[in-house]
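Lettering of chains follows the sequences in order, A, B, ..., and the numbering in each one begins at 1. This one's a predicted model, so the numbers in the text were calculated from it and none came from an experiment.
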Protein chains: 2
Amino acid sequence: MNDTPFPPQRQRRATIKEVAQAAGVSTMTVSRVINQRPDVSPETRQQVLAVIQQLGYQPNSLARSLIQRRSYTLGVVTAGLKYIGPSRTLNGITTQAEELGYNVLLDELPSFNTDPVQPILDTLLARQVDGILWAVPEIGSNRQWIFERLPDLPVPIIFLTTQPQEGLMVVSMDNTLGGYLASRHLVEQGCRAIGHVSGPLDWWEARQRKSGWQQALSEAGLPISETASVEGNWSSASGEKAFRQLVEQYPLMDAVFVANDQMALGALQVAHQAGIRVPQDLAMVGFDNLAEAPYFWPPLSTVQIDQQELGSTAVRALVQMIEASQLQNQPLPSQSILVKPELIVRASSLRTLRAIDNQ
Amino acid sequence: MNDTPFPPQRQRRATIKEVAQAAGVSTMTVSRVINQRPDVSPETRQQVLAVIQQLGYQPNSLARSLIQRRSYTLGVVTAGLKYIGPSRTLNGITTQAEELGYNVLLDELPSFNTDPVQPILDTLLARQVDGILWAVPEIGSNRQWIFERLPDLPVPIIFLTTQPQEGLMVVSMDNTLGGYLASRHLVEQGCRAIGHVSGPLDWWEARQRKSGWQQALSEAGLPISETASVEGNWSSASGEKAFRQLVEQYPLMDAVFVANDQMALGALQVAHQAGIRVPQDLAMVGFDNLAEAPYFWPPLSTVQIDQQELGSTAVRALVQMIEASQLQNQPLPSQSILVKPELIVRASSLRTLRAIDNQ
DNA sequence: CTGAAAGCGCTAACAC
DNA sequence: GTGTTAGCGCTTTCAG
């Protein structure tokens with residue numbers, strides 16, 4: 001027991017009524033002042049502002065939202081925040097939302113595959129969010145609910161990392177392009193037997209990346225054998241296991257496109273242990289451009305995806321939809337946005353033995 | 001232009017009044033039903049529930065919070081979500097909040113050092129959050145505002161990653177212990193010249209980790225020279241640079257405690273290039289236990305900190321404070337919680353050449 | 001330029 | 001069990 005009471009005596013929040021009384025005006029006048037309306041005389045305004053200052057008055061957003069039917073709040077649904085990808089996206093979301101004057105009500109699903117989503121949507125809607133940002137990757141059938149629920153949603157909703165489709169507003173990374181860029185680069189390095197460690201194929205993104213790999217091989221006239229790819233689950237452990245299997249079942253392999261950097265790290269470790277020199281014996285390209293990738297050994301070539309940009313783009317689009325729908329105008333047509341990835345070349349894929357780029 | 005209008009015609013949200021009319025009862029009865037009060041006849045309840053179902057009625061939380069003076073919302077302030085640490089903590093926060101029936105209003109500071117914080121607090125308070133969770137690490141003077149603002153905060157607040165102090169509710173990791181465990185382990189491995197790559201020393205956590213290192217050396221009777229430590233900024237690039245400098249200014253060094261795994265990764269790369277064998281020539285321990293750490297080369301010994309646990313502990317404590325203060329009871333005394341870290345030993349610090357632990 | 005009245009959607013407090 | 005009245009804190013509408 002200590003004698004300092006904690007928490008300290010709570011201050012009651014002042015109301016607009018109290019401000020009005022203290023300033024000797026009506027609540028309407030105070031309201032005009034806090035809303036920066038022009039139709040208040042300078043003296044009255046000063047007077048009111050002084051009282052507000054003195055009382056530490058802060059308008060109650062709840063009451064405001066209630067009457068204005070506008071909460072300036074975005075409902076953001078995410079999953080897997082313990083991984084760096086989703087959190088980088090969230091970073092872009094919060095930053096952009098803040099800039100546009102919106103608050104973020106965050107909901108993290110317990111798993112990527114959470115079902116049903118009904119209660120989550122309901123909670124968000126009950127809180128009167130102005131729009132919803134669904135930032136959970138498309139996996140298996142976790143988009144099934146959309147066509148059931150979408151028609152009667154009272155607010156705009158936008159989907160991240162989703163197969164673009166009619167009637168849906170989607171912002172996604174062009175994963176196919178990413179897989180293609182990585183694999184074409186390997187072709188250009190003179191590799192002719194290019195394997196693939198894919199992500200879990202119930203993930204839409206994993207399928208896209210794999211299809212980019214297939215495209216690049218086809219284009220180069222290289223055969224795509226069944227044994228040239230193995231499925232992982234994004235983790236380094238799975239990358240280790242998958243790569244080990246790949247080496248075994250595809251002994252001719254002289255390059256590999258690994259669907260994310262974490263799995264590539266696992267693969268690199270197998271290579272070390274097995275005495276496979278990277279890139280001399282085997283060239284490797286990853287995906288994601290983790291902050292750590294330049295410091296892998298050797299530094300890892302990879303595909304850069306700007307997840308923050310993805311998040312902020314989605315927020316901008318959502319806010320546009322919200323504002324359009326508030327104006328009673330014809331709402332925006334559905335329109336998908338595909339963000340382009342970029343190839344980053346480092347030592348792990350350079351067959352021509354040049355000085356290793358450490359940065 | 002396509003002819004499917006998007007978004008589809010918005011459904012107006014039904015109100016309690018409409019439900020009441022449709023069910024032929026008063027709004028009060030509907031209110032009783034949705035609040036699961038016992039004093040409604042079974043028939044009436046059924047009747048009302050049917051109408052609710054049919055109309056897809058969802059009570060408006062804003063209106064509810066307004067009258068109940070309770071929003072069941074936690075204001076969470078964070079920073080640096082693009083880094084894995086803060087997002088793992090956030091993961092723990094959202095999960096625990098959900099479980100306890102609270103929503104999360106998220107605010108990410110543009111930088112760790114953002115100042116002033118006044119507007120952020122005001123926004124949260126305007127939205128009538130029931131409590132605030134300040135999940136920004138203590139850096140430089142970014143806690144200065146506390147004693148100015150704390151006394152008149154109308155809701156409980158809890159601080160993460162903060163120097164425990166009288167009058168403040170704090171949940172932190174025991175960083176000193178972590179640094180101590182790492183360094184003592186190196187001593188036990190027979191190392192006698194143990195260097196340190198610290199984090200930026202304006203971070204409280206960095207100072208704590210360094211002081212743990214000092215403690216372990218003192219305890220072992222080893223001298224702590226000025227040249228035995230260099231400051232980094234948490235990034236791999238800074239780790240590379242700092243370690244390079246350390247090797248130069250402290251040539252006798254046979255072990256190093258690096259204040260996080262990312263910097264350790266940079267240091268490992270320098271070691272590779274310089275032909276310093278880890279752990280034979282130099283033992284290394286990191287801090288954080290990144291998911292990637294077991295796949296570094298060699299696998300990195302490190303200090304595990306459970307950041308999710310940190311977040312969920314803070315939420316539990318905050319909700320307790322909220323509930324205590326609602327009961328008009330004597331509020332809880334300030335009381336700090338220190339979460340313990342754990343040493344994880346892998347190949348990078350094992351001088352006795354055993355089989356390398358790849359898992 | 002300022003204020004009075006009404007009401008956003010809901011529930012506390014009381015009646016019956 | 002159920003309804004009535006009042007009001008949470010604010011803004012809309014309209015009057016002056």
If the cut-off is 4.0 Å, is [X] near the phosphate of [N], judged by side-chain N/O to OP1 or OP2?
X       : N      : answer
B/Ser31 : C/dT11 : yes
A/Ser41 : C/dT2  : yes
B/Ser65 : D/dC8  : no
B/Arg37 : C/dA12 : yes
A/Thr29 : C/dG3  : yes
A/Arg64 : D/dG9  : no

Rounded to whole angstroms, how far apart are [atom1] on [X] and [atom2] on [N]?
X       : N      : atom1 : atom2 : result
A/Leu66 : D/dT12 : CG    : P     : 12 Å
B/Gln68 : D/dA6  : CD    : C1'   : 16 Å
A/Ile67 : D/dG9  : CD1   : C1'   : 9 Å
B/Met28 : C/dT11 : CE    : C1'   : 6 Å
A/Lys17 : D/dT11 : NZ    : P     : 15 Å
A/Asn35 : D/dG9  : CG    : P     : 17 Å
A/Glu18 : D/dC10 : CD    : C1'   : 13 Å
A/Ile34 : C/dT2  : CD1   : P     : 15 Å

Please classify the nucleic acid contact of [X] as base, sugar-phosphate, or nothing, using heavy-atom distances under 4.0 Å.
X       : value
B/Arg45 : nothing
B/Arg70 : nothing
B/Thr44 : sugar-phosphate
A/Arg32 : base
B/Asn60 : sugar-phosphate

Would A/Asp152 and B/Arg13 count as a salt bridge (Lys or Arg N to Asp or Glu O under 4.0 Å) here? Give the steps. CA-CA 10 Å; A/Asp152 56 73; B/Arg13 287 141 151 132; over 6 Å; no
Considering only C/dT2, D/dG9, D/dT2, which nucleotide approaches the side chain of A/Ala63 most closely?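 Looking only at side-chain atoms, A/Ala63 lies closest to D/dG9.
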Heavy-atom check, side chain of A/Val315 versus side chain of A/Thr94, under 4.5 Å: no
Over-ring placement of B/Arg70 relative to B/Tyr72, 6.0 Å and 45° cut-offs: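 Yes - B/Arg70 lies over the ring of B/Tyr72, closer than 6.0 Å to its centre and within 45° of its axis.
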Is B/Asp130 salt-bridged to B/Arg69, going by a charged N under 4.0 Å from an acidic O? no
Determine yes or no for a side-chain-to-main-chain donor-acceptor pair under 3.5 angstrom, with A/Ser312 supplying the side chain and A/Gly92 the backbone.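 No, the answer is negative, given that no donor and acceptor are paired below the 3.5 Å cut-off.
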